[in-house]
Amino acid sequence: MDRRRFLQTVGVTGAAGVAGCSDDEADPRDVRVRNGGFEHLVDGAYEPLKVRGLNIGMAKPGYFPGSAAITRAEYDRWLADIGAIANVIRTYTIHPPEFYRALAAYNADATDPLYLLQGTWVSHKPMVEASNVTEISGTVDRELRRTVDAVHGSTTLPERRGHASGDYDADVHDWLLGYLFGVEWPPDVVEATNDALGDGSYTGTYLESDGSPFERWLAERLDGTVAHDTDTYDSQAPVGFVNWVTTDPLDHPYEPFVNEDLVSVDPDTVTTTEEFSPGTFAAYHVYPYYPDLLNETPEYVDYVDHRGEPNSYAGYLNDLVSATAHPLLVAEFGVPSSRGIAHRDVHGRDQGQHTEQRQGEIVAAMYEDIVEADTAGGIAFAWQNEWFKRTWNLDARSVPGRRPYWSNIETPEQRFGLLAFDPDNAISLSGNGSEWSDAAVSEPAATSGVDPVRRIEELRVSHSLEGLELRLTLDELSDPVAWDRMNALFTIGVRGESTTLPLDTGATAVADFVVHLAGESNSRLLVESSYDAFAREFGTIPDLPIPDYRTGSAGFVPVREPITLGYTVPATGEEVPFEAVETGQLTFGNGDPSAAEYNSLTDVHVNPSARTIEVRLPWVLLNVADPSTKQRIASEWDDGLDTVSFESVSVGAATYRPDGDGQAAAVSGETSITHAVPGLTNGELNTTEYGWETWSDVAYTERLKQSYHVLEDDWG
């Protein structure tokens with residue numbers, strides 16, 4: 001049955017059990033759920049409120065979310081920028097008192113209020129360990145009551161590990177859109193709860209359910225929340241629970257992984273009684289690239305959107321809305337502006353590898369899809385970048401407890417924000433020579449007899465929270481660069497082992513990585529095969545020649561990361577193979593956010609007038625698992641991705657004359673290298689040691705991304 005069409009047929013009164021009481025006089029709330037969405041009071045009358053929101057987390061650089069370290073000044077600043085483009089801010093849990101004070105102060109002066117969708121988090125570990133969620137009901141209910149008390153500014157929360165605390169004295173319930181309970185429910189937990197309990201029903205004072213045991217558990221939690229709000233504060237607000245594609249009520253025969261369509265959690269099984277008028281809503285996290293059913297279901301892949309374009313995201317939303325009688329809020333959506341990528345979307349809305357500009361354009365288009373699907377609106381993920389996050393295809397390459405202390409530009413989960421935290425003293429990759437004043441300098445031992453187009457003047461080395469930074473200055477650098485006459489190499493060693501360099505140079509060096517600069521389409525980072533983290537972790541799946549990698553006889557190989565491990569589409573039997581991308585390919589551009597030609601994915605900047613080539617290499621791609629404490633992936637293959645300490649990196653640079661295939665053309669002498677810094681001795685490219693002090697304090701500057709300004713134009 002098309003539940004939305006049913007709702008339209010019977011009208012709001014006929015569906016009061018789903019959305020709430022239809023008696024306007026009995027509803028004192030500024031915000032309520034009606035007619036397929038939210039409504040708010042404007043000059044004494046209810047008007048539609050299409051949600052256009054942003055999710056905000058609890059973390060900033062140098063801190064995990066549980067530290068609750070965001071200050072009042074930061075909240076004030078952030079809410080002003082959020083309020084300029086959005087009408088709703090969603091939290092996942094109770095924030096520090098400063099958040100609610102800042103929100104109250106903002107709304108006291110705002111022409112249009114910034115409504116709060118207040119979340120209550122359920123910790124993953126206790127939930128999974130309990131398996132049957134009814135065993136953690138007491139803990140969850142206490143947190144829900146604390147949430148209501150915090151919103152009303154009427155509690156003092158003690159210090160608890162991983163939670164905010166303090167005196168909650170700012171009452172923001174007048175600007176409360178609603179309470180949103182829960183997380184993306186693990187299917188195994190839902191199934192275990194359903195298996196543990198039998199058929200039945202739940203009838204509360206305000207909410208009821210005749211659904212599955214898990215759905216009844218949700219109804220009871222929400223009923224208790226409303227009861228506490230009503231009994232303690234004589235107040236009520238709309239309520240809902242978090243859901244996601246994995247546990248939606250639809251059948252997905254094209255989903256290749258059993259757990260992604262194992263069990264359903266249906267919001268329509270939770271309904272209201274006559275004692276509760278604000279109403280309930282469905283809330284889903286929906287991204288375009290996950291799960292794989294979004295790329296494999298023909299009904300979605302071939303769906304033509306309102307623009308006349310194929311759009312699997314719009315196709316899924318259309319299906320979901322049609323199957324849901326509740327007003328449907330897309331509580332999370334978005335794409336990250338990360339250098340790396342973790343999942344593909346069949347229509348290009350991938351999880352990562354987007355510039356900030358493109359990120360904003362995609363988010364704007366997705367919100368348009370959400371509105372066109374006749375939903376209650378959408379809440380983009382997220383306001384700020386989150387350095388503590390990890391992504392499945394790279395998480396094993398970093399030290400978990402140190403992630404907030406450096407900026408992993410490769411990891412998609414860290415780059416969903418509209419607010420960036422740019423490390424202080426980082427090289428902007430824009431040709432600004434003053435930024436290199438404190439860099440380590442190495443000059444060539446000899447310069448005579450070298451063609452100026454390949455003659456190196458100096459090598460500079462620096463670093464930041466984002467990566468290792470290198471600058472090569474040449475005697476001559478044409479505009480455009482004559483890459484057919486000159487290719488350049490940077491060598492980086494972290495293990496202290498000498499190896500034969502690639503590209504037919506005939507030279508050796510203390511090097512685990514080589515940067516090959518050969519023009520905008522042909523520049524890349526290469527890794528010595530025995531130190532290839534990708535091969536160590538995933539190499540058996542694509543059937544790499546592991547014995548050759550173990551010994552290093554495979555030579556230098558591309559730097560890669562997987563984006564799918566491969567699967568079989570059950571409805572067709574089609575085999576989708578393992579896929580990896582060459583993430584070591586380098587992007588040329590200008591990395592200065594203030595420049596008109598700014599490209600946030602810039603790895604290489606060429607400045608012919610200054611005769612310089614600048615490069616930044618992300619730490620994780622150099623197998624540095626934590627630059628802040630100088631830990632790297634271990635040297636030996638059998639150590640896998642275990643980490644060890646190190647003191648410095650070995651850096652060298654060289655130029656050569658390329659042949660037609662980009663390899664080094666033969667010249668007279670021991671090698672095909674024509675110039676090197678620090679030098680070349682008996683066929684060995686000399687290197688210089690570069691080290692840094694460890695750190696636990698991070699210095700950064702906030703910056704609104706290009707994506708924010710795209711949404712400012714589109715939403716504002």
Side-chain angles (χ1 to χ4, degrees), residues 55-59 63-68 90-95 117-147 160-165 179-196 212-215 217-218 220-222 225 240-248 257-265 267 283-287 290-291 331-332 334 342-343 351 379 381-382 386-396 398-404 411-414 416:
N55 288 276
I56 185 171
M58 284 248 290
Y63 297 92
F64 283 98
S67 298
R90 176 203 175 184
T91 66
Y92 294 92
T93 187
I94 301 170
H95 275 239
L117 182 59
Q118 175 65 53
T120 303
W121 189 260
V122 179
S123 296
H124 183 80
K125 185 177 180 180
M127 178 170 48
V128 171
E129 289 177 347
S131 186
N132 174 359
V133 292
T134 61
E135 296 180 12
I136 62 170
S137 296
T139 300
V140 169
D141 289 343
R142 282 191 296 274
E143 197 63 25
L144 284 164
R145 290 193 295 271
R146 290 187 185 110
T147 301
R160 295 178 296 152
R161 182 178 176 84
H163 296 269
S165 61
Y179 294 105
L180 182 58
F181 167 58
V183 296
E184 296 171 340
W185 307 110
D188 291 342
V189 171
V190 177
E191 185 180 53
T193 302
N194 290 343
D195 290 344
S212 70
F214 190 87
E215 291 159 350
W217 180 80
L218 291 170
E220 188 173 1
R221 307 285 73 72
L222 294 177
T225 302
F241 61 82
V242 174
N243 212 349
W244 59 324
V245 180
T246 295
T247 54
D248 71 16
F257 297 102
V258 172
N259 253 26
E260 300 296 349
D261 197 35
L262 178 67
V263 65
S264 291
V265 178
Y284 283 86
H285 297 176
V286 188
Y287 293 89
Y290 177 84
E332 271 192 24
H343 287 99
Q351 187 184 9
I379 306 178
F381 183 82
E386 298 177 305
W387 290 11
F388 75 95
K389 288 287 189 71
R390 60 189 179 91
T391 307
W392 72 273
N393 58 352
L394 290 173
D395 64 345
S398 59
V399 178
R402 298 297 302 179
R403 289 181 183 131
T411 294
E413 285 293 332
Q414 294 194 13
F416 274 95

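All figures in this text were calculated on a predicted structure; none of them were measured in a lab. Scope of the values below: all heavy atoms of this structure, side chains included, with no hydrogens, waters or symmetry mates.
- Of all non-hydrogen atoms in Gly240 and Leu222, the two that sit nearest each other are O-CD2, 3.7 Å.
- No side-chain heavy atom of His163 sits less than 4.5 Å from a side-chain heavy atom of Ile94.
- When the ring-ring contact (aromatic ring centres under 6.0 Å, His included) test is applied to Phe388, no partner is found at least two apart in sequence or on another chain.
- With sequence neighbours excluded, the residues that form a side chain to side chain contact (heavy atoms under 4.5 Å, CB included) with Ala192 are Ser131.
- Ring orientation note: the planes of Phe381 and Phe416 are nearly perpendicular, at an angle over 60° on the 30°/60° scale.
- Partners of Asp395 under the salt bridge (charged side-chain N to carboxylate O under 4.0 Å, His left out) rule, at least two apart in sequence or in another chain, are Arg390.
- The shortest non-hydrogen separation linking Val263 to Glu191 is CG1-N, 4.4 Å.
- In terms of the side chain to side chain contact (heavy atoms under 4.5 Å, CB included) criterion, residue partners of Asp261 (sequence neighbours excluded) are, by chain and number, His252, Glu255.
- Under the rule for a side chain to side chain contact (heavy atoms under 4.5 Å, CB included), Ser264 has no partner lying at least two apart in sequence or in another chain.
- For Asp188, there are no salt bridge (charged side-chain N to carboxylate O under 4.0 Å, His left out) partners at least two apart in sequence or on another chain.
- A donor atom on one side chain and an acceptor atom on the other are not found under 3.5 Å apart for Tyr284 and Glu332.
- Residues satisfying the salt bridge (charged side-chain N to carboxylate O under 4.0 Å, His left out) test with Glu143, not counting sequence neighbours, are Arg146, Arg160.
- Contact annotation: the side chain of Thr193 never approaches that of Val190 to less than 4.5 Å [non-hydrogen atoms, C-beta and beyond].
- Under the rule for a ring-ring contact (aromatic ring centres under 6.0 Å, His included), Trp121 has no partner lying at least two apart in sequence or in another chain.
- When all heavy atoms are compared, the tightest approach of Trp392 to Ala342 is NE1-O, 3.2 Å.
- Judged purely by distance below 3.5 Å, without hydrogens or angles, the side chains of Asn243 and Thr247 pair a donor atom with an acceptor atom.
- Between the side chain of Asn55 and the backbone N or O of Ile379, at least one donor-acceptor pair lies under 3.5 Å.
- Taking CD of Glu413 as the reference point, atom CG of Leu394 lies at 11.5 Å (rounded to 0.5 Å).
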Exercise for review: Take Leu144 and Tyr179, measure what side-chain contact (heavy atoms from CB on, under 4.5 Å) needs, and give me the verdict at the end.
Suggested key: CA-CA 9 Å; Leu144 284 164; Tyr179 294 105; over 6 Å; no
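- Between His285 and Tyr92, the ring planes lie perpendicular to each other; the angle is over 60°, past the 30° to 60° tilted range.
- A donor-acceptor distance shorter than 3.5 angstrom exists from the side chain of Arg90 to the backbone of Ala331, with no hydrogens or angles considered.
- With sequence neighbours excluded, the residues satisfying ring-ring contact (aromatic ring centres under 6.0 Å, His included) with Phe214 are Trp185, Trp217.
- Counting heavy atoms of neighbouring residues, nucleotides and ligands inside a 6.0 Å radius, atom CZ of Phe64 exceeds 12 of them.
- Between His95 and Ile56 there is a side-chain heavy-atom pair separated by less than 4.5 Å.
- Every residue two or more places apart in sequence or in another chain that forms a salt bridge (charged side-chain N to carboxylate O under 4.0 Å, His left out) with Glu386 is listed here: Lys389.
- Counting heavy atoms from C-beta outward, Pro412 and His343 have side chains that stay 4.5 Å or more apart.
- Between atom CH2 of residue Trp387 and atom CD of residue Gln414 there is a gap of 8.5 Å, rounded to the nearest 0.5 Å.
- Scanning all heavy atoms of the two residues, the minimum distance from Val242 to Glu184 falls at CG1-N, 3.9 Å.
- Applying the side-chain hydrogen bond (donor to acceptor under 3.5 Å, both in side chains) test to Arg142 and every residue at least two apart in sequence or in another chain returns Thr139.
- When each of Thr225, Thr91, Thr120 is paired with Thr147, the side chain to side chain donor-acceptor pair (under 3.5 Å) condition holds for Thr120 and for no other.
- Listed here is the closest heavy atom pair of Val189 and Val128: CG2-CA, 4.1 Å.
- A donor-acceptor pair under 3.5 Å is formed between the side chain of Gln118 and the backbone N or O of Thr93.
- In this structure, the side chain to side chain contact (heavy atoms under 4.5 Å, CB included) partners of Ala196, at least two apart in sequence or on a different chain, are Asn132.
- Closest non-hydrogen pair, Ile136 versus Pro126, comes out as CG2-O, 4.1 Å.
- A donor-acceptor contact shorter than 3.5 Å links the side chain of Ser212 to the backbone of Glu215.
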